[in-house]
Amino acid sequence: SHRWPALGRVRARNGDSAPAPDEAAARPAAHRPDALLTFSERRLATTAELAARLGLPYHDTATVRLLTDKYAQRRRLRERGVDPVRSRLLRTPDDWAPALAAVGLPAVLKPACGEGSRSTHLVRDAGTGAALAAALLTGPDRETALVLEEYLAGVDRTPFGDHVSVESAVADGRVTH
């Protein structure tokens, strides 16, 4: 276990095994945790389910969907007036032409769900984009949905990027970075 300021005692758990939900909930329950935490996008739904089973505060399933579905996230941000980025959802290769008409080029084509920039492509011409969309939606490792969104060109800030990622935890209303 570890001690992090404002978080108390922390027990690290990792691995890719997926025990049955009741067994998975029994493991942390034995330690009587005050909270659960994951830094893995892939584990958000599992962590939410465990927290619910243990009666602990965490994201609900609707929030987890917004955190993990890139199109749902863009749509919600657009509805709230904080994200003007043009984006469209593609479920079949036939969705390419209307998505391209709405978004334009250059654009970014990526899985609606996924992490680590997996299968994310900068698209500069319509033919390449159509072929990529078809391959990603119908190939052997097919995606269930893609997002086409306008490309946001950054500003050169050599040797660093022009953006920052800050991971935070909130406990009892206090934010810890």
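In this structure D60 satisfies the side chain to side chain donor-acceptor pair (under 3.5 Å) test together with T63, sequence neighbours excluded. Every residue meeting the side chain to side chain donor-acceptor pair (under 3.5 Å) condition with R78, not counting sequence neighbours, appears here in chain and number order: S87. Annotation: salt bridge (Lys or Arg N to Asp or Glu O under 4.0 Å) contacts of R86 (sequence neighbours excluded): E150. Not a single side chain to side chain donor-acceptor pair (under 3.5 Å) links D162 to another residue, sequence neighbours left out. Listed by chain and residue number, D83, E149 satisfy the side chain to side chain donor-acceptor pair (under 3.5 Å) test with R74 (two or more places apart in sequence, or in another chain).
For residues 125-141, the pairs satisfying side-chain hydrogen bond (donor to acceptor under 3.5 Å, both in side chains) are D125-T128, with sequence neighbours left out. Applying the salt bridge (Lys or Arg N to Asp or Glu O under 4.0 Å) test to every pair with at least one member in residues 30-40, sequence neighbours left out, gives no pairs at all.
Of all heavy-atom pairs spanning A133 and L90, the tightest one is CB-CD2, 4.1 Å. In terms of heavy-atom proximity, G114 sits nearest to E41 at O-OE2, 3.2 Å. Residue P111 comes nearest to E143 through the heavy atom pair CB-OE1, 3.5 Å, listed as atom of the first residue, atom of the second, then distance. Counting all heavy atoms, side chain and backbone alike, R76 lies closest to L66 at NH1-CD1, 3.4 Å. Taking every heavy atom of both residues into account, L44 and H59 meet most closely at CD2-CD2, 4.4 Å. Counting all heavy atoms, side chain and backbone alike, P28 lies closest to P33 at O-CD, 2.9 Å.
Other residues sharing a hydrophobic cluster with Y71 under the 4.5 Å side-chain heavy-atom criterion for ILVMFWY residues are L89, V147. In this structure, L152 belongs to a hydrophobic cluster whose other members, linked by side-chain heavy atoms under 4.5 Å apart, are V85. Clustering of Ile, Leu, Val, Met, Phe, Trp and Tyr side chains at separations under 4.5 Å leaves V155 isolated, with no partner residue. Hydrophobic cluster membership for L56: L36, L50, L54 (Ile, Leu, Val, Met, Phe, Trp, Tyr linked by side-chain heavy atoms under 4.5 Å, directly or transitively).
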field: Pair K110-H121, side chain to side chain contact (heavy atoms under 4.5 Å, CB included): steps then yes or no
entry: CA-CA 6 Å; K110 59 187 176 183; H121 302 273; over 6 Å; no

task: Take L137 and R142 through the side chain to side chain contact (heavy atoms under 4.5 Å, CB included) test and state the conclusion after the steps.
output: CA-CA 5 Å; L137 289 166; R142 78 185 86 220; 5.8 Å; no

- prompt: Between L109 and L136, is a side chain to side chain contact (heavy atoms under 4.5 Å, CB included) present by the stated rule, with each step listed?
  reply: CA-CA 10 Å; L109 183 66; L136 290 169; 4.2 Å; yes

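Rounding to the nearest 0.5 Å places CZ of R65 at 4.5 Å from CG of D69.
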Donor-acceptor pairs under 3.5 Å, side chain of residues 93-108 to any protein atom, not counting sequence neighbours: which ones?
unit_1 : atom_1 : unit_2 : atom_2 : d
D95    : OD2    : R91    : N      : 2.7
D95    : OD2    : T92    : N      : 3.0
W96    : NE1    : A126   : O      : 3.4

